[in-house]
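Here is how names work: the chains are called A, B, and so on, in the same order as the sequence lines, proteins then strands, and each is numbered from 1.
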Amino acid sequence: MLDIRLLRESPELVKQRIATRDAALAPLVDQILAIDSARRAAETERQQLQSDRNRLSKEIGIGRKNGEDTSAKETEVRGIGTRIDEIGQEADAADTQQRDLLLALPNLPHDACPIGSTAEENPEVRRWGTAPAYDFEPKDHIALGQTHGMLDFEAGAKITGSAFVVYRGPGARLERALINFLLDLHTTQHGYTEISPPLLVKPECLVGTTQLPKFGDQVYHCPEDDLYLIPTAEVPVTNLHREEILKNEQLPIHYAAYTPCFRREAGSAGLGTRGLIRMHQFDKVELVHITTPETSMDALETLTGHAEKVLQLLGLHYRVIELCTGDIGFGSAKTYDIEVWAPGQKAYLEVSSCSTFGDYQARRMNLRFKDADGKNRFAHTLNGSGTALARLFVALVETHQQADGTILIPEALRRHYGADRIG
RNA sequence: GGAGAGAUGGCUGAGUGGUCGAAAGCACAUCUUUGCUAAAGAUGCGUAGGAGUAAUCCUACCGAGGGUUCGAAUCCCUCUCUCUCCGCCA
């Protein structure tokens, strides 16, 4: 969330910046400031009353020791106590209200984030490689999956529901090979520490990484235990250090985690899409950085590069786009999306979204570090997919399919897959 | 799931109703002195919030939330977590 002091000191700046996401958000700022001043007035009064009570109570204690009659003072303090309860309720209510509103206010886009209102205005930053040409009509991954017995959508629907898939045989093996390839790449070449977290988390973790309270309908919930299935490893991994004060020398932290991801995709337009493009459950290797404020923008470039390396090694054509202010995620200050070319789809598929959140998530989860001067400051958090698996699978089999129907396994992946082709 | 023990500041650990935000030790920071692979001494050293131009002052926090009381780290209730033992189990 945003720093209330920033709203107090520079309300116009905050309104301007937040309006680059959505003009309708600006009035929220004034609403929060009104509650903030009411809250502080009530808080000040409460503290004054508490101070009075403390003083009188001490006098009563001393008086009783000296055998004085303290009943008049006791009556007075009783009255103060009632007043404290009343004003305290006001103060607490305003505090809760203020917090709720702050949690509903998205992050300010970074100055470096291009201004725009829709995805059409996202500038393309760079391309790597070119879309491959074929002297035959390339099949899509659904057909390839059928040919090689790799993907069983009917079985997924049967045992769970639509938008769930069963990988089998070479498909399951390829998925596993990709997971190992990604983790090995990031841990041995890019210096990440591998994490294998729980897949169920407490609600406060989702508040920390901004899925709650606003986007609760997108995550699977187990009400009996009040636990949520993670929509991304970002949630458990970033929250590893919630409510902590890290030592300066611990930063930067680099974590890589493979997990399945569970998303309800409520109201999602693309859910009807055939194939692996949008599933309720998919695998992903996630990269998380925790940095100092001074280094987070550089870290975003590094992180994006690490995700790009995956596609380069697998020989997949891709482009990097930069999300504009109207299209970045709720907590993001700046985001790059990496889109891989899928010949069977004749489309670019988003396989990675790399964002810096500035201190926005850190404030929500109270994640701080002690700087060189011994001051506690909020850390900066970043994350990016490195990469999402289902769509990587799609791009891989569609790109490397051969005229004879076999699928060539890229050189870099052969060690993990254990063969040089499927079929 | 059952039984028991526990949860206090960065760590260890006192504190069973009043002047306790909390002794002491360790760690850490600065300074002083003696000197040399260190020692001794002095001072400082939690977090959050509020008032004030500021110096500074005030409030809250002893796992969390309620309650009793003029007053709670301390008494009562509920919950969470940790440890030990038993049961069950991949």
Which part of the nucleic acid, if any, lies within reach of A/R8 when heavy atoms closer than 4.0 Å are counted: base, sugar-phosphate only, or nothing? sugar-phosphate
Ignoring hydrogens and geometry beyond distance, is a side-chain donor-acceptor pair present between A/E286 and A/Y255 at under 3.5 Å? no
Heavy-atom donor-acceptor pair, A/R46 side chain to A/I87 backbone, under 3.5 Å: no
Any side-chain donor-acceptor pair under 3.5 Å between A/E301 and A/Y336? yes
Does A/L56 reach the side chain of A/E59, with side-chain heavy atoms less than 4.5 Å apart? yes
Indicate, with a heavy-atom threshold strictly under 4.0 Å, whether A/R64 touches base, sugar-phosphate, or nothing. base
Touch check for A/R55, heavy atoms < 4.0 angstrom, all strands: base, sugar-phosphate only, or nothing? nothing
Look at all strands and tell whether A/I245 reaches a base, only sugar-phosphate, or nothing, counting heavy atoms closer than 4.0 Å. nothing
Can you tell me how far P in B/C45 sits from the matching atom in B/A39, rounded to whole Å? 24 Å
Do A/Y192 and A/H289 make the cut of ring centroids closer than 6.0 angstrom? yes
Does a side chain donor of either A/H141 or A/Q345 reach within less than 3.5 Å of an acceptor in the other side chain? yes
When the P atoms of B/A27 and B/U78 are considered, how many whole Å apart are they? 43 Å
Would you grab the first and last nucleotide of RNA chain B (5' to 3') that comes under 4.0 Å of any non-hydrogen atom in chain A? B/G18 to B/G71
